[in-house]
Amino acid sequence: MSSINWNDYIRDVRDFPKPGIIFKDITPLLAAPHAFRAAIDQLSERCSVLGPIDAIGAAEARGFLFAAPLAYTLGVGLVPIRKPGKLPYATLSMEYQLEYGSDALEVHSDALKPGARLLLVDDVLATGGTIKACADLARMAQADVVGFAFLMELTFLGGRSRLDDGARVISLIEC
Ligand SMILES: O=P(O)(O)OC[C@H]1O[C@H](OP(=O)(O)OP(=O)(O)O)[C@H](O)[C@@H]1O
Ligand SMILES: Nc1ncnc2[nH]cnc12
């Protein structure tokens with residue numbers, strides 16, 4: 001298989017959603033079947049270093065786009081972590097900051113099992129606020145986060161430093 005030039009499939013959009021932000025638009029990658037497939041295949045291959053995984057957790061909305069095919073490929077369940085008010089059952093909740101605002105995330109209180117080996121997935125690691133909130137929810141539920149997987153890491157924002165040293169961080173594209 002020929003290697004993919006990821007830059008061909010990530011579009012920089014200046015000043016979105018706020019002035020000063022360079023938004024990394026992944027929609028060209030999603031629209032290109034060979035690139036999308038390569039991204040999922042490469043992420044799943046790299047996740048093999050994590051050992052057995054019991055479940056994937058991922059934050060709404062773009063995280064789902066990568067978490068769902070990864071869960072399918074790895075043969076594990078998917079735990080949706082959602083914006084407030086979307087989940088129907090009892091939830092755990094965590095507030096967080098991100099590059100262009102603040103929000104909260106929720107997970108069903110019975111979805112993350114104590115001791116479960118959890119992989120957290122998102123499209124982008126920027127400041128790390130979102131994925132840290134996911135990891136905090138996992139900690140509340142006493143699940144064991146063994147790794148983080150991202151399509152893309154914005155290294156200049158230093159999000160990786162906010163993540164637990166004991167867990168591996170996998171990112172396919174570094175910008
Ligand atoms: O590392 P951080 O600074 O937290 O930024 C990364 C997060 O930002 C984006 O989500 P966003 O909140 O824009 O929501 P969306 O997925 O619904 O577009 C992206 O999908 C990540 O989840
Ligand atoms: N610059 C950025 N581009 C795309 N998604 C993001 N999430 C947080 N920062 C982002």
Side-chain angles (χ1 to χ4, degrees), residues 4-32 35-36 39-40 42-44 46-47 55-71 78-88 91-108 111-112 118-141 143 145 147-165 167-175:
I4 303 271
N5 182 358
W6 300 112
N7 289 331
D8 293 344
Y9 301 96
I10 309 287
R11 175 167 51 194
D12 283 2
V13 181
R14 287 185 180 276
D15 299 323
F16 182 89
K18 288 186 173 170
I21 303 288
I22 300 175
F23 191 86
K24 299 287 181 181
D25 177 18
I26 57 162
T27 60
L29 184 142
L30 296 172
F36 190 22
I40 299 302
Q42 290 184 30
L43 278 172
S44 63
R46 290 188 53 186
C47 286
I56 285 179
E60 177 177 355
R62 278 176 277 151
F64 292 175
L65 298 168
F66 292 87
L70 258 183
L78 174 58
V79 176
I81 301 174
R82 299 209 59 184
K83 306 267 165 85
K86 298 288 186 181
L87 288 169
T91 56
L92 306 174
S93 181
M94 185 64 61
E95 291 187 359
Y96 67 104
Q97 309 283 326
L98 76 172
E99 201 185 352
Y100 37 72
S102 66
D103 212 331
L105 285 170
E106 297 182 345
V107 69
H108 273 155
L112 297 170
L118 189 67
L119 168 64
L120 292 175
V121 172
D122 210 341
D123 65 328
V124 175
L125 172 62
T127 65
T130 304
I131 206 74
K132 169 81 166 46
C134 295
D136 288 344
L137 287 169
R139 191 171 301 112
M140 282 169 81
V145 178
F148 300 90
F150 305 93
L151 174 73
M152 193 183 347
E153 178 178 358
L154 309 186
T155 52
F156 62 95
L157 289 172
R160 188 180 277 249
S161 66
R162 299 181 66 181
L163 303 179
D164 181 2
D165 276 348
R168 287 197 189 231
V169 181
I170 294 163
S171 62
L172 220 51
I173 309 166
E174 293 189 356
C175 332

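Just follow the structure's listing: the first ligand is 1, and inside any ligand the first atom is 1.
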What atoms of ligand 1 come within less than 4.0 Å of a heavy atom belonging to [X]?
{"X": "Gly128", "answer": "1 (O), 2 (P), 3 (O)"}
{"X": "Ala61", "answer": "15 (P), 16 (O), 17 (O)"}
{"X": "Glu60", "answer": "16 (O), 17 (O)"}
{"X": "Val124", "answer": "6 (C), 21 (C)"}
{"X": "Gly129", "answer": "1 (O), 2 (P), 4 (O)"}

For a quick test of reading the model, state the closest non-hydrogen atom pair linking [X] to [Y] and the distance between them.
{"X": "Leu105", "Y": "Ala133", "value": "CD1-CB, 4.2 Å"}
{"X": "Pro80", "Y": "Val107", "value": "O-CG2, 3.9 Å"}
{"X": "Val121", "Y": "Leu70", "value": "CG2-CD1, 3.9 Å"}

So, does [X] use its side chain to make a donor-acceptor pair with the main chain of [Y] at under 3.5 Å?
{"X": "Asp25", "Y": "Asp12", "value": "no"}
{"X": "Arg82", "Y": "His108", "value": "no"}
{"X": "Arg11", "Y": "Pro28", "value": "no"}

Using a 4.0 Å heavy-atom threshold (strictly under), name the region of Lys83 that reaches ligand 1: side chain, backbone, both or neither.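 Side chain only.
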- Under 4.0 Å, heavy atoms only, figure out whether ligand 1 is touched by the backbone of Asp122, its side chain, both or neither.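 It is the side chain that touches ligand 1; the backbone stays farther off.
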Out of all atoms in ligand 2, which are within 4.0 Å of some heavy atom of Ala126? Include the element for each.
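Counting from 1, the qualifying ligand atoms are 8 (C), 9 (N).
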- request: Check ligand 2 against Leu154 and write out every atom of the ligand that is under 4.0 Å from a heavy-atom position of the residue.
  value: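 This gives 1 (N), 2 (C) as the contact atoms.
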Worksheet item: Is it true that Glu60 and Lys86 have a side-chain N and a carboxylate O under 4.0 angstrom from each other?
Response: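 So Glu60 does not pair with Lys86 through a salt bridge.
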[atom1]/[X] to [atom2]/[Y] distance, rounded to the nearest 0.5 angstrom?
{"X": "Leu125", "Y": "Leu154", "atom1": "CG", "atom2": "CG", "value": "7.5 Å"}
{"X": "Asp136", "Y": "Met94", "atom1": "CG", "atom2": "CE", "value": "4.5 Å"}
{"X": "Glu106", "Y": "Leu87", "atom1": "CD", "atom2": "CG", "value": "6.5 Å"}

Heavy atom of the protein closest to [atom] (residue, atom name, distance):
{"atom": "atom 10 (C) of ligand 2", "answer": "Glu99 OE1, 3.3 Å"}
{"atom": "atom 13 (O) of ligand 1", "answer": "Tyr100 OH, 2.4 Å"}
{"atom": "atom 3 (N) of ligand 2", "answer": "Lys24 N, 2.8 Å"}
{"atom": "atom 7 (N) of ligand 2", "answer": "Tyr100 OH, 3.4 Å"}
{"atom": "atom 9 (C) of ligand 1", "answer": "Arg62 NH2, 3.2 Å"}
{"atom": "atom 1 (N) of ligand 2", "answer": "Ile22 O, 2.9 Å"}
{"atom": "atom 8 (O) of ligand 1", "answer": "Leu98 CD1, 3.7 Å"}
{"atom": "atom 3 (O) of ligand 1", "answer": "Thr127 OG1, 2.5 Å"}

- Do the side chains of Leu112 and Leu92 get nearer than 4.5 Å, heavy atoms only?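 No; the side chains remain at least 4.5 Å from each other.
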field: Minimum side-chain heavy-atom gap Leu30-Phe66 below 4.5 Å
entry: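 Sidechains of Phe66 and Leu30: in contact.
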Any Arg62 heavy atom less than 4.0 Å to ligand 2: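 Yes.
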### Task
May I ask which of Thr130, Ile81, Asp123, Ile26 has a heavy atom nearer to atom 20 (O) of ligand 1 than the others do?
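Ranked by closest heavy atom to atom 20 (O) of ligand 1, first place is Asp123.
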*Is any N or O atom of Ala126, backbone or side chain, closer than 3.5 Å to an N or O atom of ligand 1?*
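Yes; at least one N/O pair falls below 3.5 Å.
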